[in-house]
Protein chains: 2
Amino acid sequence: MAPEKSRRERPAKPALTRHGIVAAAVGILREEGLRKVTMRRLAQELDTGAASLYVYVRNTAELHAAILDELLGTITRSSSDGGWRDRLEQLLTAYAATLLEYPGLALSALVARPSGKNYLGLVETMLALLAEGDVPPERRAWGIDLLLQYATATAAEHADEESPEEWDALARAVHEADETTHPQIAAHAADLLSGQPAQRMSWGIRVLITGITGTAVPAERNPT
Amino acid sequence: MAPEKSRRERPAKPALTRHGIVAAAVGILREEGLRKVTMRRLAQELDTGAASLYVYVRNTAELHAAILDELLGTITRSSSDGGWRDRLEQLLTAYAATLLEYPGLALSALVARPSGKNYLGLVETMLALLAEGDVPPERRAWGIDLLLQYATATAAEHADEESPEEWDALARAVHEADETTHPQIAAHAADLLSGQPAQRMSWGIRVLITGITGTAVPAERNPT
DNA sequence: ACCTGAACACCGTTCAAGT
DNA sequence: ACCTGAACACCGTTCAAGT
């Protein structure tokens with residue numbers, strides 16, 4: 001008896017909503033990292049059972065997508081200046097920076113293409129920038145795909161969480177490359193390993209923009 | 001007593017070796033897919049306990065890398081003809097085709113950069129092709145990174161295993177885009193969804209080659 | 001309709017103990 | 001040195017049963 005009274009002992013358990021679930025997930029993400037954002041941990045945070053979450057979220061992949069779109073909300077409205085190329089580069093850099101904070105999310109985004117509100121806003125803005133640059137329409141559409149994939153994949157590469165280790169493996173292999181069996185690698189060793197991540201990213205974006213503006217899309221393009 | 005006799009009852013259990021482990025892993029991969037290539041399943045196949053594998057393989061990531069390099073052995077020696085651009089495109093297409101058979105491996109390769117024998121062979125060949133095209137040396141090194149990342153990421157995108165589902169989500173969002181809030185998406189809807197995967201891949205590779213040949217690498221490139 | 005506990009069917013990795 | 005069983009510390013998802 002008197003359930004109201006005992007309820008008041010601790011903060012009222014808020015009703016489950018999709019939005020509340022995603023918000024709690026973002027909280028865990030920020031405090032403990034993506035790896036801890038599991039259905040079970042999330043349910044625990046919301047004082048319920050993991051099974052209850054499946055009423056609002058189809059599966060873990062959808063949860064990750066919702067989290068990403070939430071994070072994307074902050075970058076969509078980032079102002080920038082300069083020509084369309086610079087503004088496009090700034091926008092992509094901001095997108096990549098967000099993903100680099102949680103590379104595991106980038107991995108999810110690569111596998112399950114996002115389709116959330118803020119992601120669509122990003123696509124919209126990028127299309128407008130390419131239009132401003134007088135890039136032909138078909139190349140705009142295919143081009144943003146390439147650009148977003150590049151930023152996403154670059155962030156995803158860091159999903160091994162704190163491992164100077166794997167990188168070392170490639171660096172060692174490159175340095176130890178035999179000059180007779182692998183003359184090219186030996187000759188290019190320094191360049192293969194050079195460059196700050198930001199430098200590489202900036203170069204990559206410019207490579208893509210140049211390539212996109214200069215490469216015609218095939219005339220016949222059947223819908224997939 | 002007579003342990004030799006009872007041993008002969010079933011095929012002699014072969015001694016564990018790193019090579020044998022990787023070969024068994026490739027077998028499971030081909031029969032049942034990457035998802036089934038787990039330490040436990042692999043140990044079962046080799047008639048031992050999962051813990052025993054850790055003598056030869058540091059962890060699952062390293063196992064995946066070893067599997068990938070094994071698969072790469074077949075493509076490294078694929079002959080091709082045409083100019084350097086065509087041969088480069090053919091090589092990358094063969095690499096991508098291998099990864100597309102097992103997109104989960106592509107995901108692993110993206111996160112833990114490969115450094116196996118056959119991967120290095122691929123790098124070596126690509127560097128030589130860009131040299132043939134008189135691409136400046138620094139751009140060759142940075143360029144192959146971009147090209148390999150593109151092929152790997154494109155394959156990794158298919159790691160959701162049989163889901164027309166996620167793709168539908170984006171397609172639906174694009175088709176339902178509001179003309180007033182998302183005029184660009186509405187205008188580009190058809191192009192955003194057009195193109196066979198092979199067409200897109202071919203275009204992407206050519207975009208990258210064009211961009212790489214035309215975009216200078218920064219003069220100051222501190223080693224990472 | 002929503003929520004739950006319990007179960008199903010798994011994981012990777014470590015470690016003490018054996019040979 | 002190599003190999004093992006058992007344990008530790010988890011997962012996602014489903015489902016029958018409750019409200």
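What you see below is based on every heavy atom in this structure, not just the backbone, and it leaves out hydrogens, waters and symmetry mates. Naming: A, B, ... by sequence-line order, numbering from 1 per chain.
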- Annotated structure of DNA chain C as dot-bracket, pair cut-off 3.5 Å, Watson-Crick or G-U only, | for inter-strand, is ||.|||||...|||||.||
- For the pair A/Leu53 and A/Leu42, evaluate side chain to side chain contact (heavy atoms under 4.5 Å, CB included) and give the outcome as yes or no after the intermediate values. CA-CA 9 Å; A/Leu53 303 178; A/Leu42 185 52; 4.1 Å; yes
- Message: Applying salt bridge (charged side-chain N to carboxylate O under 4.0 Å, His left out) to A/Lys36 and A/Glu45, what does each step give before you reach the verdict?
- Response: CA-CA 11 Å; A/Lys36 288 291 175 59; A/Glu45 194 73 16; over 6 Å; no
- Can A/Leu92 and A/Leu148 be said to form a side chain to side chain contact (heavy atoms under 4.5 Å, CB included), step by step? CA-CA 7 Å; A/Leu92 273 166; A/Leu148 286 167; 4.2 Å; yes
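For the pair A/Leu192 and B/Ile144, the minimum side-chain heavy-atom distance is below 4.5 Å. By the 4.5 Å heavy-atom criterion applied to side chains, B/Thr93 and B/Ile205 are counted as neighbours. A/Asp145 is listed as a side-chain neighbour of A/Arg113, based on a closest heavy-atom distance under 4.5 Å.
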Please write out each protein N/O paired with an N/O of nucleotides 16-19 of chain D under 3.5 Å, distance rounded to 0.1 Å.
none

Restricting to nitrogen or oxygen on both sides, can you table the protein-nucleotides 11-13 of chain D pairs closer than 3.5 Å?
{"from": "D/dC11", "atom 1": "OP1", "to": "A/Thr38", "atom 2": "OG1", "distance (Å)": "3.3"}
{"from": "D/dC11", "atom 1": "N4", "to": "A/Arg40", "atom 2": "NH2", "distance (Å)": "3.4"}
{"from": "D/dG12", "atom 1": "OP1", "to": "A/Met39", "atom 2": "N", "distance (Å)": "3.4"}
{"from": "D/dG12", "atom 1": "OP2", "to": "A/Met39", "atom 2": "N", "distance (Å)": "3.3"}
{"from": "D/dG12", "atom 1": "N7", "to": "A/Arg40", "atom 2": "NH1", "distance (Å)": "2.5"}
{"from": "D/dG12", "atom 1": "O6", "to": "A/Arg40", "atom 2": "NH1", "distance (Å)": "2.8"}
{"from": "D/dT13", "atom 1": "OP2", "to": "A/Tyr54", "atom 2": "OH", "distance (Å)": "2.8"}
{"from": "D/dT13", "atom 1": "OP2", "to": "A/Thr60", "atom 2": "N", "distance (Å)": "3.2"}
{"from": "D/dT13", "atom 1": "OP2", "to": "A/Thr60", "atom 2": "OG1", "distance (Å)": "3.1"}
{"from": "D/dT13", "atom 1": "O5'", "to": "A/Tyr54", "atom 2": "OH", "distance (Å)": "3.3"}

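The separation between A/Ile21 atom CD1 and C/dC2 atom P is 11 Å, rounded to whole Å. A/Leu46 has its CG atom 11 Å from the P atom of C/dC3, to the nearest Å.
Under the salt bridge (Lys or Arg N to Asp or Glu O under 4.0 Å) criterion, B/Arg221 pairs with A/Asp191, not counting sequence neighbours. A/Glu101 pairs by the salt bridge (Lys or Arg N to Asp or Glu O under 4.0 Å) definition with nothing, not counting sequence neighbours.
The distance from the CG atom of A/Leu88 to the CG atom of A/Leu130 is 5.5 Å, given to the nearest 0.5 Å.
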Side-chain polar contacts of residues 63-71 of chain B - donor-acceptor pairs under 3.5 angstrom, sequence neighbours left out - could you list them?
{"from": "B/His64", "atom 1": "ND1", "to": "B/Ser108", "atom 2": "OG", "distance (Å)": "2.8"}
{"from": "B/Asp69", "atom 1": "OD1", "to": "B/Asn118", "atom 2": "N", "distance (Å)": "3.2"}
{"from": "B/Asp69", "atom 1": "OD1", "to": "B/Tyr119", "atom 2": "N", "distance (Å)": "2.9"}
{"from": "B/Asp69", "atom 1": "OD2", "to": "B/Lys117", "atom 2": "N", "distance (Å)": "3.0"}
{"from": "B/Asp69", "atom 1": "OD2", "to": "B/Asn118", "atom 2": "N", "distance (Å)": "2.9"}

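Taking the C1' atoms as reference points, D/dC10 lies 14 Å from C/dA9, given to the whole Å.
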